[in-house]
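Report on one structure; see the data block that follows.
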Amino acid sequence: MDPIKYLSRIDLFRGLSGEELRQLNAFTPMHTCKKGTVVASPHLERKALYLIKAGKVRLYKLTEDGKELTLDLLRTGHIFGDMTSFRTETRMFAVTMEDSVICSIDREQFQTIIGEKPGLALAYIDIVTARLKEVEEWLEYMAYGSVRKRLLFLLNKLSAKFGAGGEDEPEWGRLQVELTHQELASMTGSMRETITPLLNRLVSEGVLRKEAARGPYWIHRERLRAALAASK
DNA sequence: CCATTAACGACTA
DNA sequence: TAGTCGTTAATGG
């Protein structure tokens, strides 16, 4: 696909002209990686800003006892490896959840680009502050919410981020991410044995639906919101 | 309410 | 065959 087309899909670069995107392209070589590739980790020294030109990426940390804590899921257009990781130590890993096109800009390059195009700095701040707000909201749920509420909150976030609206039934959205119970547990600070009955319960409540046993989840957005507001 | 541990069948590399 | 996944159950905080 046209490299410029890819760049225009990055949220950070929304608002840049075609000519500006063309200039930027010189700094952002395309790199395709297969599903399951670790594109960023504490071991890879290079500190950079990564752009997801196509695909999905999971960010996670390893806890002391070797368990994975998933921090965020990202899709086409998102960026990760923010400025804070340029200076401070980070223990974050990034792994592709499907075949993806990722490129990276290291600090010096990014600073040069920002110098020439200050609007990018503002766009970047917007993205980072939105992210911070999201993390603060998460923190509140993690601290005071039950696992059920944390799962509902997560599903709500996922449907906003990865949910495609059903053509015939607009109130139902299909989750465009394949997540195991293990991963849902990892993201809610829970156990997969806890997640299983909770999901089954949500299906019986009509909040979730499955077409096939192995198929993706469908989410009833309004019922999800209601369940989120109702549960402790 | 939920973590922990154990265990089992099914599926997958 | 070994490892992963979804699931149920017992137990205990």
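For the numbers below, each heavy atom of this structure counts, side chains included, while hydrogens, waters and symmetry mates do not. Throughout, a chain's letter reflects where its sequence line sits, starting with A, and its residues are numbered from 1.
- A cation-pi arrangement is not found for R221(A) relative to W172(A), the charged atom failing to lie both closer than 6.0 Å to the ring centre and inside a 45° cone about the ring normal.
- Both cation-pi conditions hold for K210(A) and Y217(A): the charged atom is under 6.0 angstrom from the six-membered ring centre and inside a 45 degree cone around its axis.
- Between the side chain of N25(A) and the backbone N or O of I4(A) there is no donor-acceptor pair closer than 3.5 Å.
- The salt bridge (charged side-chain N to carboxylate O under 4.0 Å, His left out) pairs that include a residue from residues 186-201 of chain A are R201(A)-E205(A), where partners are two or more places apart or lie in different chains.
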Close N or O pairs between protein and nucleotides 5-13 of chain C (under 3.5 Å):
unit_1	atom_1	unit_2	atom_2	d
dG6(C)	OP2	H181(A)	N	2.9
dG6(C)	N7	R192(A)	NE	3.4
dG6(C)	O6	R192(A)	NH2	3.3

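- Both cation-pi conditions hold for R58(A) and Y60(A): the charged atom is under 6.0 angstrom from the six-membered ring centre and inside a 45 degree cone around its axis.
- In summary, of the residues considered (Q176(A), E98(A), H78(A)), a side chain to side chain donor-acceptor pair (under 3.5 Å) with K56(A) occurs for E98(A) alone.
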Enumerate the protein-to-nucleotides 1-3 of chain B contacts in which both atoms are nitrogen or oxygen and the separation is below 3.5 Å.
unit_1	atom_1	unit_2	atom_2	d
dC2(B)	OP1	V147(A)	N	2.5
dA3(B)	OP2	T194(A)	OG1	2.6

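- At distances below 3.5 Å, not a single donor-acceptor pair connects side-chain atoms of S100(A) with backbone N or O atoms of T96(A).
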